[in-house]
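Okay, so here's the structure we're looking at.
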Amino acid sequence: MSPRAVIAVAGIPAALLLFWLVGFWAGLLVLIGVPTAAYLLLDPSQRRRLRGISRKQLGR
């Protein structure tokens, strides 16, 4: 299995556990809010470079 597939498979039970522990809406807020906050913390030059990279190149 590729490393990305392992992360995706592990993310499903983690999300279900999060939903069960804190509720659906709070869990959804965490699952969407954390990556969004991480993106917003990047410098403008880093965001520009990230937008220019295709998804296949992100895993390098």
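The structure displayed is predicted, hence computed values, not measured ones. In what follows, every heavy atom counts, from backbone to side chain, and hydrogens, waters and symmetry copies are set aside.
- No path of Ile, Leu, Val, Met, Phe, Trp and Tyr side chains, each step under 4.5 Å between heavy atoms, connects Trp25 with Leu29, placing them in separate hydrophobic clusters.
- Rounding to the nearest 0.5 Å gives a distance of 9.5 Å between CG of Asp43 and CZ of Arg49.
- One hydrophobic cluster holds both Leu18 and Phe24 under the rule that ILVMFWY side chains link at heavy-atom gaps under 4.5 Å.
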Which atom pairs, donor and acceptor, lie under 3.5 Å between side-chain atoms of residues 30-39 and protein residues at least two apart or in another chain?
residue	atom	partner	partner atom	Å
Thr36	OG1	Ile32	O	2.8
Tyr39	OH	Arg51	NH1	3.2

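- Taking hydrophobic clusters as Ile, Leu, Val, Met, Phe, Trp and Tyr residues chained together by side-chain heavy-atom distances below 4.5 Å, Trp20 shares a cluster with Leu28.
- The side-chain contact (heavy atoms from CB on, under 4.5 Å) search around Leu16 returns Ile12, not counting sequence neighbours.
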